[in-house]
Amino acid sequence: MISWRRLDETDFPLLRRWLEQPHVARWWHHETSPEAVARDFGPAARGEEASEDLLVLLDGEPFGLVQRYRFADYPEYVAELSGQAEIPEGSMSIDYLIGDPLLVGRGLGTRTVRAIVRATWTDHPAATTLLVPVHAGNRASWRVLEKAGLRRVADVSLEPDNPVDDRAHYLYRIDRPLD
């Protein structure tokens, strides 16, 4: 069973280990010192930032992270996408990782994204759309999105997380069900 809870500061050593894993570091390209992890994840863990950093659990054991946020809370993201794609009012986004390398390639990413998408409609009643940019070279990530029911709606040019990458990204979208 997949579940999640808010990331808290006691999770930072685990998150740091995940960020150091080659399969995560390639795409997240994040500083991994204890100070950097506390600096970058601490505000959300303490509720001081609008994003939600969620520790994802499989049968109660942590295996991944999802960051969920409203585009409206990050105008710099809206500005970067502006003119390249429609960003409906109420749009949200996610970032995600599977931290444990032994669990990569087992369908947990797809299951996690599906579950987070469903929960987003309940947790965020004003959410209309989930838009997820992913680097065009990160085939595993965009395949997760496709398998989870998101559709590619645009090719966009965005600043990459890793400076070795070009600006080519795909934008994936899923809309709130009409039920």
Side-chain angles (χ1 to χ4, degrees), residues 1-34 36-70 91-125 127 129-135 137-152 161-162 169-177 179:
M1 181 174 140
I2 291 181
S3 60
W4 52 85
R5 64 167 173 78
R6 276 234 183 223
L7 184 76
D8 66 45
E9 292 178 342
T10 63
D11 301 314
F12 289 176
L14 175 62
L15 178 59
R16 184 170 169 247
R17 284 193 302 276
W18 289 346
L19 291 168
E20 291 172 338
Q21 293 296 319
H23 73 282
V24 175
R26 168 62 184 94
W27 299 108
W28 280 62
H29 192 71
H30 198 282
E31 260 186 88
T32 59
S33 71
V37 171
R39 176 194 67 222
D40 296 340
F41 294 90
R46 293 187 301 271
E48 300 167 2
E49 187 173 317
S51 71
E52 299 170 284
D53 289 352
L54 306 170
L55 189 72
V56 186
L57 313 166
L58 176 64
D59 299 326
E61 293 298 318
F63 74 90
L65 177 79
V66 170
Q67 294 180 309
R68 182 169 61 176
Y69 55 91
R70 290 183 300 269
S91 291
M92 295 190 69
S93 191
I94 57 171
D95 294 317
Y96 47 90
L97 64 85
I98 303 298
D100 184 339
L102 298 176
L103 297 177
V104 172
R106 295 180 164 193
L108 291 174
T110 300
R111 288 175 56 197
T112 298
V113 170
R114 280 185 190 138
I116 288 289
V117 167
R118 279 192 309 271
T120 297
W121 309 136
T122 302
D123 298 347
H124 297 275
T129 304
L130 198 66
L131 297 171
V132 184
V134 62
H135 192 273
N138 192 347
R139 185 177 193 280
S141 185
W142 52 260
R143 286 294 296 139
V144 161
L145 295 172
E146 291 172 353
K147 291 176 190 174
L150 285 80
R151 67 187 191 289
R152 189 183 303 178
D161 290 329
N162 191 328
H169 284 72
Y170 300 137
L171 185 65
Y172 282 83
R173 176 178 176 156
I174 191 166
D175 295 318
R176 175 183 286 278
D179 54 38

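The ring pair (Phe, Tyr, Trp, His ring centres under 6.0 Å) test applied to His30 returns Phe41, not counting sequence neighbours. In this structure, the ring pair (Phe, Tyr, Trp, His ring centres under 6.0 Å) partners of Trp142, at least two apart in sequence or on a different chain, are Tyr170. Every side-chain hydrogen bond (donor to acceptor under 3.5 Å, both in side chains) that Glu31 has, sequence neighbours left out, goes to Arg39.
Between Leu130 atom CG and Asp175 atom CG the span is 9.5 Å, to the nearest 0.5 Å. In this structure, CZ in Arg114 is found 9.0 Å from NZ in Lys147, a value given to the nearest 0.5 Å. For the atom pair Arg176 CZ and Ser91 OG, the distance stands at 11.5 Å (nearest 0.5 Å).
Nearest heavy-atom pair across Leu150 and Val132 is CD2-CG2, 3.9 Å.
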Would you be so kind as to tabulate the donor-acceptor pairs closer than 3.5 Å made by side chains of residues 95-103, with sequence neighbours excluded?
from, atom 1, to, atom 2, distance (Å)
Tyr96, OH, Ser141, O, 3.1
Tyr96, OH, Ser141, OG, 2.6
Asp100, OD1, Leu102, N, 2.8

In a table with atom names and distances, give each donor-acceptor pair under 3.5 Å that connects a side chain of residues 62-70 to protein atoms at least two apart or in another chain.
from, atom 1, to, atom 2, distance (Å)
Gln67, NE2, Asp53, OD1, 3.3
Arg68, NE, Glu52, OE1, 2.7
Arg68, NH1, Thr120, OG1, 3.0
Arg68, NH1, Asp123, OD2, 3.4
Arg68, NH2, Glu52, OE1, 3.3
Arg68, NH2, Glu52, OE2, 3.2
Arg68, NH2, Asp123, OD2, 2.9
Tyr69, OH, Ser93, OG, 3.4
Arg70, NE, Asp73, OD2, 3.0
Arg70, NH2, Asp73, OD2, 2.8

Donor-acceptor pairs under 3.5 angstrom involving side-chain atoms of residues 11-18: please list them, not counting sequence neighbours.
from, atom 1, to, atom 2, distance (Å)
Asp11, OD1, Arg5, NH2, 2.8
Asp11, OD2, Arg5, NH1, 2.8
Asp11, OD2, Arg5, NH2, 3.4
Asp11, OD2, Asp8, N, 2.9
Arg16, NE, Thr32, O, 2.4

Apply the test side chain to side chain contact (heavy atoms under 4.5 Å, CB included) to residues Val144 and Val134: give CA-CA distance (whole Å), side-chain angles for both, the deciding distance (0.1 Å), then the verdict.
CA-CA 11 Å; Val144 161; Val134 62; over 6 Å; no
Determine, stepwise, if the pair Arg173 / Thr129 fulfils side chain to side chain contact (heavy atoms under 4.5 Å, CB included).
CA-CA 7 Å; Arg173 176 178 176 156; Thr129 304; 3.5 Å; yes
